[in-house]
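Here the structure comes first, spelled out in structure tokens, and everything after it is commentary.
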Amino acid sequence: MKTIQDFARYRASGDAIVMVTCYDAWSARLIEASEIDCILVGDSAAMVMHGHDSTLPATIELMAEHIAAVRRGAPEKLTIGDFPFLAHRQGTPHAVAAAECLMKAGAQAVKIEGVRGHEDVIGSLVEGGVPVMGHLGLTPQSVHQLGGFRVQARDERAAAALLHDARSLQQLGCFAVVLEAVPSPVARTVTEALAIPTIGIGAGPHTSGQVLVLHDLLGLDEGFQPRFVRRYLQGHELIRQALDRYAEDVRTHEFPNDEESYHDTVPAHGRGVATASR
Ligand code: KIV
């Protein structure tokens with residue numbers, strides 16, 4: 001099991017931190033068996049799993065459900081749970097209760113978007129023993145304020161503000177910072193300025209690590225192909241082919257065959273129950 005102390009070690013050694021976002025037990029089981037370092041249970045669940053057009057509908061209860069499912073699937077991977085929209089903007093007691101809920105569901109750390117105006121909340125959580133990962137650049141919970149999912153920190157002033165915010169997060173005790181959708185040179189400057197690691201998504205190659213949503217790197221959504229995603233599988237095509245083969249086999253009575261059918265009569269005293277289960 002990796003811990004947040006490993007993040008500091010990776011930062012010192014220069015080894016890249018590999019993070020993947022996932023939301024459920026079966027995909028977590030795939031990640032558990034892989035070389036991925038850690039899992040983010042992101043509030044992008046609202047979009048990827050529930051079909052919303054932003055992350056705003058995610059709630060603490062929804063995040064806790066996804067976190068618990070992921071931990072059941074990947075008990076050995078460090079799991080970071082996302083604070084949903086406004087959960088950190090309703091005062092420290094509310095944020096503490098939210099962190100309690102996410103961590104009791106199985107998260108070992110939480111991720112919080114932004115810093116300005118909720119410095120005290122981040123500081124209190126860290127002091128209370130909650131490891132906090134920051135998130136700057138494109139902060140999807142602010143999509144309406146930002147005017148869409150756009151690349152951030154494109155001019156000097158915005159880049160300087162980003163660096164300032166990243167330093168604040170470090171000062172407040174965050175163990176890492178996600179940099180989303182910022183120009184590569186800006187991410188490099190921030191990474192070089194911080195002692196804690198940066199995790200990039202759409203932030204170029206100079207961050208301390210990278211994060212992608214599992215569904216994106218597996219190419220599960222045919223229509224979603226932003227510049228920053230590299231597809232390691234054409235998942236949508238492979239899955240569509242498999243589903244079409246299944247449909248064809250059912251229609252031609254090729255499925256199920258003899259071996260896929262039970263031949264004995266009604267099981268006596270529960271005989272056959274175990275074989276019928278998964
Ligand atoms: O919600 C999420 O998956 C995220 C990552 C994309 C960084 O915040």
Side-chain angles (χ1 to χ4, degrees), residues 7 16-24 27-28 31 36-60 62-67 69-70 74 77-88 98 102 105 107 109-115 122 131-143 146 148-153 162 165-166 169 174-182 187 190-191 196-204 207-221 224-232:
F7 274 64
I17 299 164
V18 189
M19 187 157 91
V20 166
T21 287
C22 86
Y23 320 100
D24 58 65
S27 54
I31 294 173
I36 303 295
D37 291 315
C38 55
I39 296 177
L40 171 66
V41 185
D43 62 352
S44 52
M47 302 175 79
V48 178
M49 300 298 282
H50 299 277
H52 294 290
D53 61 4
S54 78
T55 60
L56 272 58
T59 62
I60 286 290
L62 184 88
M63 295 311 302
E65 280 294 331
H66 284 295
I67 289 165
V70 164
K77 294 287 179 191
L78 178 73
T79 301
I80 299 146
D82 233 349
F83 254 49
F85 183 51
L86 296 181
H88 45 289
L102 300 188
V110 302
K111 177 169 78 58
I112 296 181
E113 291 189 10
V115 58
I122 294 176
V132 178
M133 173 179 272
H135 183 159
L136 299 173
L138 170 55
T139 45
Q141 291 167 13
S142 306
V143 61
L146 300 175
F149 297 102
R150 297 166 189 278
V151 178
Q152 300 297 305
L162 181 80
D165 289 354
L169 288 171
C174 287
F175 70 95
V177 183
V178 169
L179 298 177
E180 179 165 355
V182 297
V190 172
T191 301
I196 58 173
T198 57
I199 310 290
I201 175 163
T207 50
S208 323
Q210 298 287 333
V211 57
L212 280 178
V213 171
L214 181 74
H215 302 62
D216 298 345
L217 76 89
L218 296 183
L220 296 179
D221 182 349
F224 189 68
Q225 178 68 90
R227 180 186 177 122
F228 63 86
V229 170
R230 183 178 296 176
R231 281 187 182 165
Y232 289 86

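Indexing begins at 1, ligand by ligand and atom by atom, following the structure's order.
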Non-hydrogen side-chain atoms of L56 and V143 separated by less than 4.5 Å: yes
Under 3.5 Å: N or O atoms of ligand 1 paired with protein N or O:
{"from": "ligand 1", "atom 1": "1 (O)", "to": "D43", "atom 2": "N", "distance (Å)": "3.2"}
{"from": "ligand 1", "atom 1": "1 (O)", "to": "D43", "atom 2": "OD1", "distance (Å)": "3.2"}
{"from": "ligand 1", "atom 1": "1 (O)", "to": "S44", "atom 2": "N", "distance (Å)": "3.1"}
{"from": "ligand 1", "atom 1": "1 (O)", "to": "S44", "atom 2": "OG", "distance (Å)": "3.1"}
{"from": "ligand 1", "atom 1": "1 (O)", "to": "D82", "atom 2": "OD2", "distance (Å)": "3.3"}
{"from": "ligand 1", "atom 1": "3 (O)", "to": "T21", "atom 2": "OG1", "distance (Å)": "3.2"}
{"from": "ligand 1", "atom 1": "3 (O)", "to": "S44", "atom 2": "OG", "distance (Å)": "2.6"}
{"from": "ligand 1", "atom 1": "8 (O)", "to": "K111", "atom 2": "NZ", "distance (Å)": "3.0"}

So, do M19 and D37 sit near enough that their side-chain heavy atoms are less than 4.5 Å apart? no
OG1 (T139) and CZ (F149) are apart, to the nearest 0.5 Å, by 10.5 Å
Are D221 and H215 packed together at the side-chain level, in the sense that at least one heavy-atom pair is separated by less than 4.5 angstrom? no
Contact check, side chains of F228 and L212, non-hydrogen atoms, under 4.5 Å: yes
Just jot down the ring pair (Phe, Tyr, Trp, His ring centres under 6.0 Å) partners of H135, sequence neighbours excluded, or say none. none
